[in-house]
Amino acid sequence: MKNLFKTLISLKTGIYTLTALSILSIIGTFLPQNREAITYITRYPIFGRLILLLGFDDMYKSAIFIGLLVLLSISTFFCIWVRFKATNRRLFNRVYKATVTEIENLKSRKEINQDLIENWEENFDKIVDKGYNTKAALKSTGYFSLAGGLLLHVGLLLIFIGGLIGLILGIDTMIHGKENSITPIPSVSALRAAKSADKLSREARYIRERNPNAPILNEYRKKVEALHKTYDEGMANPSFNIEFEKLWIDYYKSADNQIQGIKSWNSQISFAVDEKIEKSATIKVNEPISFGEYNFYQANWQKYYPSVKLQVDLINPEDKDKYGENFPKIIELTINKPVKFPWYEYNLLLMDFLPDFRYQNNRFTTATNELNNPAAYILAIDPQKGNEHKSQAWGFSPDQSAFAAHVSNMPFSFTFLSAETKYESFLTVSYDPGKPLVWIGCLLFAIGMLFCFGYGYTERWLIIKEDGTKIIAITGNRAESFFVDELKKLEEEIFLTKKEETND
Amino acid sequence: MTSPDTALFIVALISYLLAFTCYSIYISFNKPKLYGYARTLNWTGVLFALLALGIRWKTSGHPPLTNMYESLATLSTFIVLAGLKFTSKEPIAILEAAFNACAVFMIGLASVFPSNIKPLIPALQSYWLHLHVTLAFLGEACFAIAFLLSYLYCLKRLKTEESEPLSDKERTTCRFIVRGGPTLFFIGMIGIIFYLKYRMVGSNAWLHLAATTIVIGILALLLRKSLNSGLEKLIPPAKRLDELTYKVIALGYPLFTVGGLIFGMIWANKAWGRYWGWDPKETWALITFFVYSIYLHVRLIRGWSGVTTAALSIIGFLATLFTLFGVNLLIAGLHSYV
């Protein structure tokens with residue numbers, strides 16, 4: 001037991017633990033984290049399985065990493081215990097507890113033959129009799145510095161404990177909402193169930209990769225189903241609902257009103273418990289809001305375009321007889337909402353809208369959410385025949401309209417005019433019961449450092465032995481060169497110089 | 001047209017270059033008068049750089065800490081400022097020349113990155129930007145000075161080996177540091193040149209940097225002997241260098257820990273909803289913290305000093321460099337602002 005204790009408070013343990021944590025942290029920054037198991041196996045054919053076995057795919061939550069943090073915490077705890085006792089000894093009754101031998105063996109010491117000045121006692125806080133007609137005098141300064149070391153380590157320990165609590169009990173997830181949408185927020189236990197279900201599903205996928213018929217997969221399936229049930233029940237009976245009332249973006253604008261960049265994303269939301277609004281607020285980045293057990297942060301933002309305005313033209317002017325004279329026409333279509341126009345036998349359905357159209361890997365896709373190359377995909381459907389797809393067309397902006405002819409088989413050409421911009425807000429939802437401890441720990445750590453590095457603890461000793469020998473000594477927690485200067489100063493303060501002695 | 005802050009940085013750069021020339025002549029050819037001119041020119045450079053930063057702050061509406069150009073410019077200024085303050089009572093010409101050269105290099109490197117002023121993205125709109133980045137940079141400036149002191153320490157120990165013998169391990173470590181340092185510098189420069197050539201297509205910056213590297217290399221070879229004799233006379237005793245290293249780390253460590261880590265945690269919690277996410281920048285800042293924690297523990301508790309602590313100081317600074325630049329350029333994450 002004693003050996004274990006010695007190992008835990010040993011500086012070597014601390015250094016080796018910090019070194020191991022540093023090495024693992026470095027690996028974690030270069031190795032992609034939280035990918036699917038198959039990614040590691042294919043990308044790292046030699047080390048893939050070892051990476052997964054050691055849990056390095058989620059390095060900072062792996063057993064090895066957490067184990068090292070726990071070891072560091074335990075070591076810190078016992079170091080605090082030892083340090084507390086040592087600090088206590090120094091702070092209280094130091095002059096009584098120190099031995100003459102201890103003082104005589106200090107590095108910064110000097111034996112002086114001169115006489116002391118008359119009021120030398122005024123230079124010391126305490127003078128005690130150490131027996132055998134030996135006196136010891138002490139002046140200590142910089143007590144804060146001693147407390148600093150202790151505070152620093154207590155702060156560190158609290159940060160570790162708070163972090164561990166957050167890791168085990170904390171939850172963070174993301175919700176998103178469009179204007180006037182309502183998102184239910186379930187209880188912490190329901191969210192925790194969802195988080196556990198995700199973790200188990202990931203483990204199950206890895207097992208399935210190696211052995212699709214492994215019997216343990218049934219157990220995983222049952223556990224995941226139970227957890228999903230808890231989550232679903234939580235969603236059905238949420239703690240409260242969030243309504244995204246209004247979403248808007250503030251922009252930086254130049255002197256001539258040109259948009260230069262996004263200044264802030266703003267989400268005006270309200271929190272409703274049993275359909276009664278309890279709180280309304282606007283969330284922005286760096287301006288989070290708390291409600292219930294959760295904290296909400298503006299994490300991200302997305303634009304989308306539910307409706308599009310298009311100009312419709314006849315490709316063949318002779319079709320005027322069939323479709324009417326009044327072309328071009330301006331129409332508005334909403335995604336997934338078919339519309340019947342009087343001049344066309346079929347319904348027109350806006351199937352998809354790509355704001356920044358690209359043709360990549362044999363697919364039509366969008367590069368960004370900005371209206372850089374808008375393209376609307378329109379279908380003609382027959383409602384009489386179960387919405388049978390009759391023909392299709394693409395609507396591009398005027399400068400890209402030539403492309404549309406290649407991919408359209410409707411009698412009409414469509415030209416994009418404008419799109420209604422709407423926003424979708426993404427909020428991080430966080431619950432971390434360990435945070436208060438972490439903040440207290442950070443405060444203590446900062447104060448501890450201020451005391452440790454801002455103040456220096458110094459002990460100035462004078463020993464007067466029975467035979468008249470005088471020894472001065474300095475010790476503390478500063479650099480040796482400081483004690484050399486202090487020793488000189490002490491000598492000059494309390495001893496008569498040779499000249500003064502002669503005059504006397 | 002050159003912006004006012006860029007023009008002032010160019011003036012600062014010229015000042016630093018002239019200062020470096022004066023230091024080099026003073027060190028190599030023992031011209032004491034030039035030392036005074038060198039310090040004056042260094043201070044002039046710092047003042048112009050601070051003015052440039054102030055103007056940029058006023059123009060942009062935010063502190064100049066938000067991209068690689070601004071970071072390099074600000075950090076170079078802090079390094080020279082901290083170094084000049086540190087050597088105000090105890091002049092160490094070689095150290096001053098070294099951090100002066102660092103500043104020249106960093107301003108030069110800053111010019112490679114886009115310097116146009118952009119409005120702050122939502123995540124950076126917080127007073128924590130001022131506190132977090134400024135204090136972290138001040139801490140890192142102290143680490144840079146500690147690195148230079150440690151390098152000089154190893155150099156001094158090799159030069160005074162006859163009077164203060166080194167063990168085999170210490171000798172190997174010192175040689176590795178003294179020779180490895182310049183080697184690493186040149187490898188780093190080659191890496192940056194390739195990065196500029198292949199990642200920033202269309203820019204000729206890689207050519208300028210390649211030319212600068214070749215010129216530095218040639219100068220170093222030509223001046224090797226005279227620099228060597230100057231160094232022998234002007235490097236302070238090894239013990240003093242060791243103490244100064246501890247002093248400057250004792251100043252930089254709380255600044256970096258409070259500013260870089262603690263304030264960073266507070267800000268991350270406000271902006272992203274979590275105080276720690278094992279983001280590469282956060283992780284490397286923590287690694288830097290670990291290394292300097294080890295340094296302080298072995299020094300204060302075990303009383304270790306000398307080659308071991310010098311090596312730790314150098315490793316710590318290499319970790320700092322990776323935190324500052326390696327993460328931004330090589331590893332993408334929430335913290336990558338280029």
Side-chain angles (χ1 to χ4, degrees), chain A residues 11 14-15 17-19 21-23 25-26 28-30 33 59-61 107 149 156 159 162-163 166 170 172 174 250-252 260-265 284-288 295-299 301 427-430 432 435 438-439 442-443 445-446 449-450 452-454 477 479-482, chain B residues 61 118-128 239-240 242-243 246-247 250-251 253-255 257-258 261-263 265-267 269-281 283-284 286-291 293-294 296-303 305 319 322 326-327 330-331 333:
Chain A
L11 184 62
I15 290 173
T17 312
L18 286 174
T19 307
L21 282 167
S22 299
I23 293 170
S25 298
I26 291 171
T29 59
F30 287 104
Q33 296 287 287
M59 173 68 80
Y60 308 107
K61 288 181 188 162
K107 260 188 183 170
L156 192 67
I159 292 170
D172 64 86
M174 199 170 278
D250 291 330
Y251 292 95
Y252 289 108
Q260 291 187 311
I262 293 173
K263 193 174 180 184
S264 72
W265 305 321
K284 302 180 186 190
V285 181
N286 287 309
E287 292 180 30
N295 293 312
F296 297 87
Y297 306 82
Q298 184 71 66
W301 201 266
L427 306 180
T428 303
V429 184
S430 161
D432 188 342
K435 261 188 209 172
V438 170
W439 298 138
C442 287
L443 182 64
F445 194 88
M449 270 200 300
L450 179 68
C452 230
F453 294 103
N477 61 2
E480 217 185 290
S481 60
F482 177 77
Chain B
K118 284 186 187 159
L120 277 183
I121 59 173
L124 294 180
Q125 289 172 35
S126 171
Y127 53 82
W128 286 108
K239 205 172 179 190
R240 187 60 189 144
D242 182 64
E243 277 172 5
Y246 164 69
K247 257 187 168 174
L251 179 61
Y253 180 83
L255 287 171
T257 308
V258 170
L261 288 178
I262 294 177
F263 286 176
M265 283 164 68
I266 296 170
W267 190 15
N269 184 59
K270 263 198 109 179
W272 299 325
R274 91 290 179 276
Y275 55 83
W276 195 267
W278 296 105
D279 178 67
K281 187 79 121 181
T283 307
W284 273 94
L286 187 67
I287 292 165
T288 305
F289 167 76
F290 283 164
V291 175
S293 297
I294 293 173
L296 289 168
H297 274 81
V298 300
R299 177 131 190 145
L300 293 173
I301 295 174
R302 280 278 174 273
S305 60
F322 196 86
V327 167
L330 300 173
I331 309 174

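Residue numbers begin at 1 in each chain, while the letters A, B, ... track the order of the sequences.
For the residue pair Phe290(B) and Ser22(A), the shortest heavy atom distance occurs at CD1-OG, 3.3 Å. Here the shortest heavy-atom pairing between Tyr252(A) and Ile262(A) reads CE1-O, 3.5 Å.
Side-chain atoms of Asn295(A) do not come within 3.5 Å of backbone N or O of Gly273(B) as any donor-acceptor pair. The main-chain N or O of Ala123(B) is found under 3.5 Å from a side-chain atom of Asn286(A) such that the two form a donor-acceptor pair.
Taking a cutoff of 4.0 Å between a charged side-chain nitrogen and a carboxylate oxygen, Asp242(B) and Arg299(B) qualify as a salt bridge.
The contact between Ser25(A) and chain B is made by backbone and side chain atoms together, counting heavy-atom distances below 4.5 Å. Within the 4.5 angstrom heavy-atom criterion, atoms from both the backbone and the side chain of Thr29(A) approach chain B. Residue Trp301(A): no heavy atom, backbone or side chain, is found under 4.5 Å from chain B. When heavy atoms are compared at a cutoff of 4.5 Å, Val429(A) does not approach chain B at all. Leu443(A) does not touch chain B: none of its heavy atoms, backbone or side chain, sits under 4.5 Å away. Only the backbone of Gln298(A) comes within contact range of chain B, judged by heavy atoms closer than 4.5 Å. For a residue to count as touching a neighbouring chain, one of its non-hydrogen atoms must lie under 4.5 Å from one of that chain's; by this rule Phe263(B) does not touch chain A. Residue contact with chain A, scored on non-hydrogen atoms closer than 4.5 Å, involves the backbone and the side chain of Leu120(B) alike. Contacts of Val291(B) with chain A are absent, with no heavy-atom separation under 4.5 Å from either backbone or side chain.
Counting non-hydrogen atoms of neighbouring residues, nucleotides and ligands closer than 6.0 angstrom, the NZ atom of Lys270(B) exceeds 12 such neighbours.
In terms of non-hydrogen atom pairs under 4.5 Å with chain B, the most contact-rich of Leu18(A), Thr428(A), Ile15(A) is Leu18(A). Counting heavy-atom pairs closer than 4.5 Å to chain A, the top residue among Leu261(B), Ile266(B), Asn269(B) is Asn269(B). Ranked by heavy-atom pairs under 4.5 Å with chain B, the list Pro288(A), Gly170(A), Gly261(A) is led by Pro288(A).
Note: Phe30(A) and Trp284(B) have perpendicular aromatic rings, judged against thresholds of 30 and 60 degrees for the angle between ring planes.
Residues Trp267(B) and Trp272(B) have side chains not in contact (no heavy-atom distance under 4.5 Å, counting atoms from C-beta outward).
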